[in-house]
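Accompanying notes for the structure given below.
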Amino acid sequence: MSPTESWHPAEQTEALSAVAPQLRALRRRAALTLETAARAAGLSPAHLSRLETGQRQPSLPMLLALARIYGTTVSELLGEAAADRDAVVRAAAMEPTRAGGWTYWQTGASGRAMQALRVHVPYGAQGDIVRVHPGEEWLHVLHGRLRLRLADTADLLGPGDSAHFDSLTPHRIAAQDADGVELLFVHTLLQSPTATLCLGPNPSETGVTS
């Protein structure tokens, strides 16, 4: 079941009552203390402790937040068995998705702890956006040249070059040449839609400036 599916009230109550046994186990699997996980979710440690012991039932927005923090899905938080995933992604199955001028092909299986994409970045597209978000990023230049800015450091990457960095480091990505640049891109932020994952928020919405 995806987070966007609708539930009947009786189904929702039954599902939420089953979540408490999962919450503590998944937090520990993520190697997070009660205090750290609660702070990341915008909760008090006491509130999260009550969720883990079944004294409180989480709202669906709260489940979404905890799933993201623990690197899992709402379905797993609810104790549902994960569907089998095919390890092989065929080229014919890679449908292009376009957002903000960029084009994406999903090159990895969905529902994994890492999201793998092939990305084409046109010249002049979104190059002024500063991105700051949880997770790690790894990118590898296939064709063209990439301008990568990490905090106060700027680098020019060519075909065969790679970069691996913490996504909480303010970063900007732009094509150097008129033909654009093509990348392989791997990210650990599982829950975000493709466009949000790669493009990040607009700096005017986050207060981040270049």
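Source: prediction; values computed, not measured.
Val181 places a side-chain heavy atom less than 4.5 Å from the side chain of Val141. A heavy-atom distance below 4.5 Å is not found between the side chains of Phe185 and Thr107. Between Leu26 and Arg28 there is no side-chain heavy-atom pair separated by less than 4.5 Å. No side-chain heavy atom of His47 sits less than 4.5 Å from a side-chain heavy atom of Pro45. Residues Arg131 and Ser167 have side chains not in contact (no heavy-atom distance under 4.5 Å, counting atoms from C-beta outward).
The closest donor-acceptor contact from the side chain of Arg90 to the backbone of Val88 lies at 3.5 Å or more, if one exists at all. In terms of modelled atom types and a separation under 3.5 Å, the side chain of Thr53 and the main chain of Ser49 share a donor-acceptor contact. With hydrogens and angles ignored, the 3.5 Å screen pairs a side-chain donor or acceptor of Arg27 with a backbone N or O of Leu32. A distance-only check finds no donor-acceptor pair linking the side chain of His171 to the backbone of Arg149 [under 3.5 Å].
Clustering ILVMFWY residues whenever any of their side-chain heavy atoms sit less than 4.5 angstrom apart, transitively, puts Trp105 in a cluster other than the one holding Val119. No continuous path of hydrophobic side-chain contacts links Val186 to Val89 [ILVMFWY only; heavy atoms under 4.5 Å]. A continuous path of hydrophobic side-chain contacts links Ile173 to Leu150 [ILVMFWY only; heavy atoms under 4.5 Å]. Hydrophobic clustering keeps Leu156 apart from Phe165 (ILVMFWY residues linked when any side-chain heavy atoms are closer than 4.5 Å, directly or through intermediates). Follow the hydrophobic side-chain contacts under 4.5 Å out from Leu184 and you never reach Met94; the two are in separate clusters.
Summarising the geometry of Ala37 relative to Leu48, their closest heavy-atom pair is CB-CD2, 3.8 Å, with the distance given to 0.1 Å. What you find for Leu168 and Asp166 is that their closest heavy atoms are N-OD1, 2.8 Å. The shortest non-hydrogen separation linking Glu52 to Tyr70 is OE2-OH, 4.3 Å. Taking every heavy atom of both residues into account, Gly101 and Pro122 meet most closely at O-CG, 2.9 Å. The minimum heavy-atom distance between Ala163 and Leu157, with the atom names listed, is CB-CD2, 4.1 Å. The two atoms that bring Gly180 and Ala175 nearest to each other are CA-CB, 3.7 Å, heavy atoms only.
To the nearest 0.5 angstrom, Ser162 atom OG is 11.0 Å from Leu148 atom CG. Atom CG in Asp161 sits 9.5 Å away from atom CG in Leu146 (nearest 0.5 Å). Arg68 CZ to Leu63 CG: the interatomic distance, rounded to the nearest 0.5 Å, is 13.5 Å. How far CG of Leu66 is from CG of Leu43: 6.0 Å, rounded to the nearest 0.5 Å. Note that CD of Gln176 is 7.5 Å distant from OH of Tyr123, once rounded to the nearest 0.5 Å. Atom CE of residue Met62 and atom CD of residue Gln57 lie 11.0 Å apart, to the nearest 0.5 angstrom.
Judged purely by distance below 3.5 Å, without hydrogens or angles, the side chains of His164 and Glu137 never pair a donor atom with an acceptor atom. Side-chain atoms of His120 and Thr103 form no donor-acceptor pair, as typed in the model, at a separation below 3.5 Å.
In this structure, Trp102 and Tyr104 have tilted ring planes: the angle between them lies in the 30° to 60° band.
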